[in-house]
Trainee: 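Starting off with a structure, shown below.
Excluded from the calculations below are hydrogen atoms, water molecules and symmetry mates; all remaining heavy atoms, backbone and side chain alike, are included. Every chain is numbered from 1, with letters handed out A, B, ... down the list of sequences.
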Amino acid sequence: VQVGKLDAVVPDTLLFLFNAVKTSSGLINAELNLEEVEIRALCQQCHNEFEIDLPLFICPACGSGQVKVLQGRGIILQRIIADETQGVEVGNSSNS
Amino acid sequence: MKLKELKLEIPLIRDVLEESNVRARENRAVFDQHGILVMNIMSSPGSGKTSVLQKTIPILQEQDIICAVIEGDITSTLDSERLQPLNIQIVQANTEPFGGDCHLGSHLVQGALKFLDLSSINILFIENIGNLVCPAEFYLGEDRKVVILSITEGEDKPIKYPLMFRECDLCLLNKMDLMPYLEINVDLLKSNIKKINHQMTIIPVSAKTGEGISEWIDWLLAQKNAKLSYGH
């Protein structure tokens, strides 16, 4: 799951809650992998692309406030990986 | 019986808020169909959302503009009761009687619309739940987002709650009548807002004295006329 830094999501809290919920869900071995997405912006004046790590939406190159946020917003579920290394029963004639 | 190792990767790339955004777009389609301008009003608790509406709506009514309010609260109907004398349509959207969500969701707004006669409304105000964090995350179908910040809250709030100030189109600086009693630096406050959102329109107001309210009304009317001229 990708989490934009601009969103009010605290990764530690989300992981804590996920681990609390999964114990009663039948998916006790499930793991949540979070990837924080940095805030990147493009200056509309000088076209400088830069990262925002402080709450300051100003171009570090030219000082313009006309900046467009390119990434760092949204919570995106990228993929689900089912990894059954314990083995899966197949070919049981009673199920066919 | 035989055992087999299985590793399956299912790519999804789905926005977790997709369902919420679908409902919001449905709300927006309904608003556009009826030509209703919709404002999502947000602030901390006690910044003056209801007081600003109490001051604003009678002035709009004098200009034959019909207003309605969706009143979001975690609990209680106190804000709705304050707006009752205005003789407008009000829908109370409590999230839970003993403490629920900290923001209004698009599904709650959708539910509230069933209780409104949409054909007679020009401007709908959605008074969100008092909170500078979560309400900023959720699109409800509104045309514009407005944040009310009272000058008693300090110059640092835009920096502490950047998403709210990044998302909003207009900031009303309320309680300007308290200026003589506070040590607030309003220029610094405005500059902090501009550091987060260069394009933010900022209007100092006082819901108590009426200072700045006419400028806010002008802004609202400009948004209404712009919406109508787009042919919605």
Trainee: For a quick test of reading the model, state the closest non-hydrogen atom pair linking Ile70(B) to Ala93(B) and the distance between them.
Mentor: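 Heavy-atom minimum between the residues: CG2-CB, 4.2 Å.
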
Trainee: For the pair Asp79(B) and Lys49(B), find out whether any cationic side-chain nitrogen is under 4.0 Å from an anionic carboxylate oxygen.
Mentor: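 Salt bridge absent between Asp79(B) and Lys49(B).
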
Trainee: Just give me the residue among Leu17(B), Asn197(B), Ile196(B) that pairs up with chain A most often, heavy atom to heavy atom, under 4.5 Å.
Mentor: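 Of the options given, most contacts go to Ile196(B).
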
Trainee: Quick one: which of Lys160(B), Lys195(B), Lys194(B) has the most heavy-atom pairs under 4.5 Å with chain A, could you say?
Mentor: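 Heavy-atom pair counts peak at Lys195(B).
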
Trainee: Please flag which part of Glu137(B) lies under 4.5 Å from any non-hydrogen atom of chain A: side chain, backbone, both or neither.
Mentor: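 Both backbone and side chain.
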
Trainee: Just give me the residue among Gln78(A), Gln66(A), Gln2(A) that pairs up with chain B most often, heavy atom to heavy atom, under 4.5 Å.
Mentor: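 Result: the option with the highest number of such pairs is Gln78(A).
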
Trainee: Quick test of your reading of the model: are Arg73(A) and Glu167(B) salt-bridged, counting only N-O distances below 4.0 Å?
Mentor: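 Yes, Arg73(A) and Glu167(B) are salt-bridged.
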
Trainee: Of the non-hydrogen atoms in Pro135(B) and Met164(B), which two are nearest, and what is the gap between them?
Mentor: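 So the minimum-distance heavy-atom pair works out to CB-CE, 4.3 Å.
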
